[in-house]
Amino acid sequence: MVRCFRCIVGLLLIANLVSCNFSSIKDFEQGQNFVDSSSGVVLIDTMKIITSTVRFDSIVSSKLSRLLVGGYKNIYTGTVTCSPYFELNSGASSTTATDLVYDSLVVKMNYDGYYIGDTTKLLSFKVKRVSKVLKLNTDGYLYNNSSFLTSETNLGEKSFYPRPKTVGPVYFHLSDVFGKELFDKILNKNDTLTNSVYFKDYFRGMALVCAENQNQVAVGFAHDSISCRVYYHQLLNVSDSKIKTYFPFPISSEDVWYNKMISNVSGSLIEAIGLQKTQLSSALTSNLTMVQGGSGIYTKVRIPGIDYVKGFGKNVAFIAATIQMTPLKESYSDINPLPDSLSVYIVDHKNMITSQYSNTQGNIYATKVVPSNVDKLPYYLIDVTTFFDTEIADGTVSDHSLLIGTVATSSGKKINPFAFIGTDTKKDNVKLNVYCYIDKSN
């Protein structure tokens, strides 16, 4: 089918085709792919694309604004379980008073508004003391699969019904034995607490560890709201009231924190990706491809037809190209909403990322479009003009593909999954539109 590129096409033609000289249309017809047009603008809408699901082992999850607690299970990508690890700072914990009485050791943290799953379900975790110093890798990051030993003994436990839309904090108690130990060090002005290096060797941090079978709900907490507090009161004489206050042990900007995320694909559509595979064709996953932050799941798009376009470079003026991909309606919901945009990367045949997809104006994203017609499903639109331009200019057979997934700055702090409808469906769901110009004067 032939469609004009409307007003924008006219401007592009002026910019791109002033010096072009074309031969007859018959020189580059490929069956029905190139269709005659009175304007000379043609749309190739039958060019094939090949989709698959790719999984990466490591996603950066350190130094982010959100710490994730809980888990979420779905039929498309399986289960992801989130357990944050973090260091604490002792800089403000000092006093000159001597008539203080220990009360309790409490952790306080504030929701940041993020959640996924059913918040009417009970969320539980165990508080573990980290046994090894939390240390960034040589590249300056920690990843979703980074691992640190923890003590067998719990510092505490917490079970609660999440209320992520509230502004109120969550509190839970830790071991009074450990709390009293900290308190005594404060009163004794022990250099373990006055020297940050000594303190981090003494108390290497804590982890909020969730069971892997707890997969109903996950919530986010603002990392800079988390603080361990040693509560105490001062009693000057018997008749005075107890006035409680606390010594804070917060997370500081110099500390290390990250989200550990355990992914289990058993029983999901991508179960085979865990068996010596990192990529699955959509033909093996019910004609779907998946996306999920946190577990490193991306959709890969290969466009072999670009190599054919190269062969007609002297006869065809390439104008523009777009890809439209539609998420499966059943794979998202109010409690698992679609993101407004997705990152796009360039990968080679080994699925090694060579760059983030961009042009001279900056990075190019897959942008969500919500049709005004309520009968139409939301879809993502990607302008792949720059990709085509680069591949055509290369002149050799390409091994590059596009990788689509959660925006990089969010991938370590979100676990929202969804599925794209595959290519073996009606064209309204998956479209590759390539616009070219043909000079019919010869």
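Numbers here simply count residues along the sequence, with the first being 1. As a basis for the values below, the full set of heavy atoms in this structure was taken, side chains included, without hydrogen atoms, waters or symmetry mates. Since this is a predicted model, take the numbers as computed values, not measurements.
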Discussion item. Please check if the number of heavy atoms outside Y198 that lie under 6.0 Å from its OH is greater than 12.
Written reply: no
Worksheet item: Excluding sequence neighbours, so at least two apart, what forms side chain to side chain donor-acceptor pair (under 3.5 Å) with S83?
Response: none
Worksheet entry | Ring centre gap for F418 and Y76 strictly below 6.0 Å | no
Discussion item. If you define the side chain from C-beta out and look only at heavy atoms, does anything of T289 sit under 4.5 Å from K300?
Written reply: no
Worksheet item: Is K185 atom NZ crowded by more than 12 heavy atoms from other residues, nucleotides or ligands, each under 6.0 Å away?
Response: yes
Worksheet entry | Under-4.0 Å salt bridge between K200 and D255 | yes
Discussion item. To the nearest 0.5 Å, what is the distance between OG on S58 and CG on L142?
Written reply: 11.0 Å
Fill in: Option among L208, D112, V170 that satisfies the side-chain contact (heavy atoms from CB on, under 4.5 Å) test with F221
V170
Discussion item. Under a 3.5 Å threshold, yes or no: a donor from one side chain and an acceptor from the other, between N74 and T77?
Written reply: yes
Discussion item. For the aromatic rings, using the six-membered ring if either is Trp, is the centroid distance between Y232 and F247 under 6.0 Å?
Written reply: yes
Worksheet item: If you count the non-hydrogen atoms of other residues, nucleotides and ligands that lie under 6.0 Å from NZ in K368, is the total more than 12?
Response: yes
Item to complete: Please work out which of the three classes, parallel, tilted or perpendicular, describes the rings of F318 and F388, given edges at 30° and 60°.
Response: parallel
Discussion item. Students often mix this up, so state it plainly: with edges at 30° and 60°, are the rings of W257 and H223 parallel, tilted or perpendicular?
Written reply: parallel
Discussion item. Could you check whether R204 pairs with E87 (Lys NZ or Arg NE/NH1/NH2 to Asp/Glu carboxylate O, under 4.0 Å)?
Written reply: no
Worksheet item: Any sub-3.5 Å donor-acceptor pair from T390's side-chain atoms to T386's backbone N or O?
Response: yes
Worksheet item: Any chance the side chains of Q292 and Y72 put a donor and an acceptor closer than 3.5 Å?
Response: no
Discussion item. For E152, is the CD atom crowded, meaning more than 12 foreign heavy atoms sit under 6.0 Å from it?
Written reply: no
Worksheet item: Would Y202 and L182 count as a side-chain contact (heavy atoms from CB on, under 4.5 Å) if you check the C-alpha gap in whole Å, the side-chain angles of each, and the deciding distance to 0.1 Å?
Response: CA-CA 10 Å; Y202 159 69; L182 282 174; 3.8 Å; yes
Item to complete: Answer yes or no: is there a side-chain heavy-atom contact under 4.5 Å between D334 and P337?
Response: no
Discussion item. For the backbone of D139 and the side chain of N137, can you confirm whether one donor and one acceptor N or O come within less than 3.5 Å of each other?
Written reply: no
Discussion item. Less than 3.5 Å apart, any donor N or O on the side chain of K413 or N259 sitting next to an acceptor on the other?
Written reply: no
Practice prompt. First locate atom OG1 of T119, then atom CG of L122, and finally report the distance between them rounded to the nearest 0.5 Å.
Written response: 12.0 Å
Discussion item. Please determine whether side-chain hydrogen bond (donor to acceptor under 3.5 Å, both in side chains) holds for the pair N351 and Q279, giving the CA-CA distance in whole Å, both sets of side-chain angles, and the decisive distance to 0.1 Å.
Written reply: CA-CA 9 Å; N351 295 329; Q279 178 175 322; 2.7 Å; yes
Worksheet item: Does a donor on one side chain and an acceptor on the other come within less than 3.5 Å for S282 and T51?
Response: yes
Practice prompt. Please test V256 against L136 for side-chain contact (heavy atoms from CB on, under 4.5 Å), starting from the C-alpha separation and ending with a verdict.
Written response: CA-CA 7 Å; V256 176; L136 299 176; 3.9 Å; yes
Worksheet item: Are more than 12 heavy atoms from other residues, nucleotides or ligands located less than 6.0 Å from atom NZ of K126?
Response: no
Practice prompt. State whether a side-chain donor-acceptor pair under 3.5 Å links T406 with S411.
Written response: no
Discussion item. Before you tell me yes or no, could you show the steps for M290 and L269 under side-chain contact (heavy atoms from CB on, under 4.5 Å), namely the whole-Å CA-CA distance, both residues' side-chain angles and the distance that decides it to 0.1 Å?
Written reply: CA-CA 9 Å; M290 273 49 82; L269 282 179; 4.1 Å; yes
Fill in: Side-chain touch T81/N215, heavy atoms, less than 4.5 angstrom
no
Discussion item. Any donor-acceptor pair under 3.5 Å linking the side-chain atoms of Y102 with those of D176?
Written reply: yes
Discussion item. Any donor-acceptor pair under 3.5 Å linking the side-chain atoms of E254 with those of S252?
Written reply: yes
Worksheet entry | Close side-chain approach of L68 to Y114, heavy-atom, < 4.5 Å | yes
Worksheet item: Is the distance between the ring centroids of F56 and Y143 less than 6.0 Å?
Response: no
Worksheet item: Under 3.5 Å, is there a donor-acceptor pair between the side chain of Q214 and the main chain of S124?
Response: yes
Item to complete: Ignoring hydrogens and angles, tell me if any N or O in the side chain of S225 forms a donor-acceptor pair with the backbone of N110 under 3.5 Å.
Response: yes
Worksheet item: Is there side-chain contact between T299 and M325, with heavy atoms separated by less than 4.5 Å?
Response: yes
Discussion item. Checking ring pair (Phe, Tyr, Trp, His ring centres under 6.0 Å) between F249 and each of F203, F199, Y231, which is the one that passes?
Written reply: F199
Fill in: Short side-chain donor-acceptor distance under 3.5 Å, Y357 and D383
no
Worksheet item: Are side-chain N/O atoms of N144 and K260 paired as donor and acceptor at under 3.5 Å?
Response: no
Worksheet item: Once you round to the nearest 0.5 Å, how far does OG of S268 lie from CD1 of I297?
Response: 8.0 Å
Discussion item. Do F86 and M206 make a side-chain contact, defined as non-hydrogen atoms from C-beta onward lying under 4.5 Å apart?
Written reply: yes
Worksheet, complete the sentence: Value for OG1 (T245) from CG (D103), rounded to nearest 0.5 Å, stands at 10.5 Å
Fill in: Interatomic spacing from CD1 in I59 to OG in S295 - rounded to 0.5 Å
8.0 Å
Discussion item. Is the terminal nitrogen or CZ of R229 (NZ for Lys, CZ for Arg) located under 6.0 angstrom from the six-membered ring centre of F172 and within 45° of that ring's axis?
Written reply: no
Fill in: Point-to-point distance, once rounded to the nearest 0.5 Å, from CG of D340 to OG1 of T367
9.0 Å
Worksheet item: Is a donor on one side and an acceptor on the other found under 3.5 Å between the side chain of K431 and the backbone of T322?
Response: no
Worksheet entry | Pairwise side-chain contact, I364 with V344, heavy-atom cut-off 4.5 Å (strictly under) | no
Item to complete: Decide side-chain contact (heavy atoms from CB on, under 4.5 Å) for I270 and R55; before the verdict, give the C-alpha distance in whole Å, the side-chain angles of both, and the deciding distance to 0.1 Å.
Response: CA-CA 9 Å; I270 61 169; R55 181 184 184 186; 5.7 Å; no
Item to complete: Verify the neighbour count for atom OH of Y332: are there more than 12 heavy atoms of other residues, nucleotides or ligands below 6.0 Å?
Response: yes
Practice prompt. Please examine the side chains of S343 and I404, heavy atoms only from C-beta on, and report whether any two atoms are closer than 4.5 Å.
Written response: no
Discussion item. Quick check on side-chain contact (heavy atoms from CB on, under 4.5 Å): which of L402, V301, L403 does V347 satisfy it with?
Written reply: L403
